[in-house]
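Report on the following structure.
Proteins come first, then strands; the chains are lettered A, B, ... in the order of their sequence lines, and each starts at number 1.
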Amino acid sequence: MIDIKFLRDNINQVEHLLARRDYSLDKDQFKALDAERKSLQVEVESLQSERKTLSNDFGKLKSSGENIDDLKKKLDFINDNLKIKNELLNQILESINNILLDIPNIPHESTPDGKNENDNVIIRTVGKITSKNTVDHIDITKKIDTDLAAKLSGSRFAVLKGSLAKLQRALISLMLDTAQKNGYEEYYLPYMANRESLIGTGNLPKFEEDLFKTSESLYLIPTAEVPLTNIYRDVLINEDELPIKLTAHTPCFRSEAGSYGRDTKGLIRQHQFEKIELFKISNPNTSMEELEGLLENAEEILQLLELPYQVVQLCAGDIGFSSCKTYDIEVWMPSQNKYREISSCSNFGDFQARRSNIKFKSDMGKNFVHTINGSGLAVGRTLIAILENRFDGGDFISLPKALEPYLGSSRLEI
RNA sequence: GGAGAGUUGGCUGAGUGGUCGAAAGCGCCUCCCUGCUAAGGAGGUAACUGGGUAACUGGUUCGAGGGUUCGAAUCCCUCACUCUCCGCCA
């Protein structure tokens, strides 16, 4: 959520900054509403003040037995007037709030210009591409069964069998252990969240169609970012506790509305997938360094798994709604002959902190924190990458050294 | 599913119609005392927000939303959440 004061005082600047991400701010509408708000609010508050004074008099007069009829008439008049004005004011405040909730984060100055993913900037490429495999992961093994999943649930689900289910579990353990080694505290979290939590992270009200909603009005989490961030909703943190570093493994649920026809084969785009999330709450002064650190922590997993990848910085037109700066990590997918997203690491600045009311206390008073998070990593896509990069036509794949302790073997039957 | 209790400031917790933004304690801040530390003493200390260049000044907030009333932390209704006991259950 944008700071309304900043918006009021710098509306032209904000308009230009948001244009970088192709958001057009309706300045005139906001200005008109805010002007109306101002005059109504002054009026309402002076009426309230008057009522308060007169009501006090009322009590005194009554207790001394004096006539109160005139005073009551006056108060009735004020109350009638107040009721009308108040309703109007509330309507306007709600309109303003809806506008604010709809405004995406302002891209950081270090986020490059650009319209879409074609304008993203490759930061670095790591690891050698050695695989000559052209077979898609779904054709490499019968142990990823989407037909069976369709029977159980529908499209965009998958069943993992035997050694692949175990490989997934091993990957989860490796990722969590690595996160812990890097100072993140592991959390186990609810997989459903209430509306307020989703507003806090920026998923609602704008992206309701991307979420699964239960009959109890709870939402299935689209990422552990939601519960992790909301742990600190309405919390005042001491400065010396920062940075806070948390991690969690959760399934993620996404309706994938609007992605019909994209990545329909295999594990790439599912309604349910496993992910390890890395999450930080940071002092605003150091949040950009914290983002770089978190990115490195996510990259470390790919290095441990000996998978070739590249780091891409998203341009202003491609960053997510709540983000001000984002790096994507893309892993090499041999069958597609290209790099595919496997992690997205973002600094949200104070955007989520403002929505979620997360502040820290320091000599400078109370201020909003910055939130940073990223996948470390998306498990399903990691599993695919291992399969495809290591498949050599046989019934087994060799395993990277880092996985051997988790699977008790140097190879895996597929 | 049944029965009951509760939700007040950074924290604990008092407050049942006006003098309550709210006792007391803890914590925190300033000062005093004192070789140092500890202890002791005095005072201060909620958040959000509007108007104003400012001095200053107004409003809102006692879980949320409605209602009663001239006036609500306090009375009534609805909802959410927490806790206890019983039942059921991984």
Side-chain angles (χ1 to χ4, degrees), chain A residues 1-9 11 30-101 188-200 204-205 213-219 226-227 230-242 244 251 281 350 353-369:
Chain A
M1 177 111 75
I2 190 165
D3 181 358
I4 189 167
K5 273 190 232 160
F6 184 78
L7 180 62
R8 274 202 279 260
D9 298 342
I11 191 155
F30 177 79
K31 279 184 185 167
L33 280 170
D34 198 46
E36 209 175 337
R37 183 223 98 234
K38 190 164 165 175
S39 73
L40 264 175
Q41 185 165 346
V42 169
E43 201 176 346
V44 163
E45 288 180 3
S46 69
L47 282 171
Q48 283 172 329
S49 173
E50 202 180 341
R51 179 178 67 180
K52 200 171 181 178
T53 315
L54 292 180
S55 285
N56 269 325
D57 295 347
F58 191 101
K60 285 175 199 152
L61 285 182
K62 202 176 176 187
S63 62
S64 64
E66 294 184 50
N67 187 302
I68 48 169
D69 291 350
D70 284 352
L71 193 51
K72 183 160 166 21
K73 251 180 223 163
K74 228 186 218 174
L75 277 160
D76 284 344
F77 179 75
I78 289 175
N79 275 331
D80 289 348
N81 198 5
L82 198 52
K83 195 175 176 189
I84 296 166
K85 295 278 161 57
N86 230 332
E87 269 170 27
L88 209 55
L89 179 61
N90 283 333
Q91 277 171 24
I92 288 166
L93 287 175
E94 201 187 328
S95 301
I96 291 176
N97 194 246
N98 286 339
I99 290 175
L100 293 181
L101 283 174
Y188 169 79
L189 301 163
Y191 300 157
M192 294 185 216
N194 56 29
R195 190 172 174 84
E196 210 178 347
S197 293
L198 285 144
I199 288 175
L204 288 177
K213 188 178 184 179
T214 70
S215 59
E216 314 292 318
S217 293
L218 291 170
Y219 296 82
V226 175
N230 280 281
I231 288 170
Y232 286 94
R233 171 153 49 88
D234 296 322
V235 172
L236 184 65
I237 301 164
N238 283 320
E239 186 182 26
D240 58 16
E241 292 173 56
L242 299 176
I244 292 167
I281 291 182
D350 64 6
R354 221 171 259 290
R355 284 174 167 244
S356 307
N357 188 29
I358 308 174
K359 292 183 178 173
F360 73 105
K361 196 163 70 176
S362 70
D363 298 341
M364 309 290 289
K366 294 169 189 172
N367 288 291
F368 289 109
V369 299

Value in whole Å for how far the [atom2] atom of [N] lies from [atom1] of [X]:
{"X": "Ile4(A)", "N": "rC48(B)", "atom1": "CD1", "atom2": "C1'", "answer": "13 Å"}
{"X": "Arg37(A)", "N": "rU60(B)", "atom1": "CZ", "atom2": "P", "answer": "16 Å"}
{"X": "Asp70(A)", "N": "rC70(B)", "atom1": "CG", "atom2": "P", "answer": "15 Å"}

Please give the distance between the [atom1] atoms of [N] and [M] as a whole number of Å.
{"N": "rU49(B)", "M": "rC89(B)", "atom1": "C1'", "answer": "49 Å"}
{"N": "rC86(B)", "M": "rG15(B)", "atom1": "C1'", "answer": "34 Å"}
{"N": "rA46(B)", "M": "rG9(B)", "atom1": "C1'", "answer": "5 Å"}

So does [X] get a side-chain nitrogen or oxygen closer than 4.0 Å to the phosphate oxygens (OP1/OP2) of [N]?
{"X": "Ser49(A)", "N": "rG59(B)", "result": "yes"}
{"X": "Lys359(A)", "N": "rC48(B)", "result": "yes"}
{"X": "Lys38(A)", "N": "rG51(B)", "result": "yes"}
{"X": "Arg8(A)", "N": "rG50(B)", "result": "yes"}

Sugar-phosphate, base or nothing in reach of Asp57(A), heavy atoms under 4.0 Å: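 Answer is nothing: Asp57(A) stays at 4.0 Å or more from every strand.
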
Spacing of CD1 belonging to Ile99(A) relative to CG belonging to Leu33(A), to within rounding of 0.5 Å: 5.0 Å

Nearest listed nucleotide, side chain of Asn79(A), among rU60(B), rC70(B), rG51(B):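 Of rU60(B), rC70(B), rG51(B), rC70(B) is nearest to the side chain of Asn79(A).
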
Per Phe58(A) side chain, nearest of listed nucleotides rG18(B), rG71(B), rU49(B): rG18(B)

Residue pair Ile2(A) / Arg354(A), side-chain heavy-atom distance below 4.5 Å: no

Heavy-atom check, side chain of Asn98(A) versus side chain of Glu94(A), under 4.5 Å: yes

Heavy atoms of other groups near Glu241(A) CD, more than 12 under 6.0 Å: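 Yes.
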
Partner nucleotide of rG40(B) by Watson-Crick or wobble geometry (both distances under 3.5 Å): rC32(B)

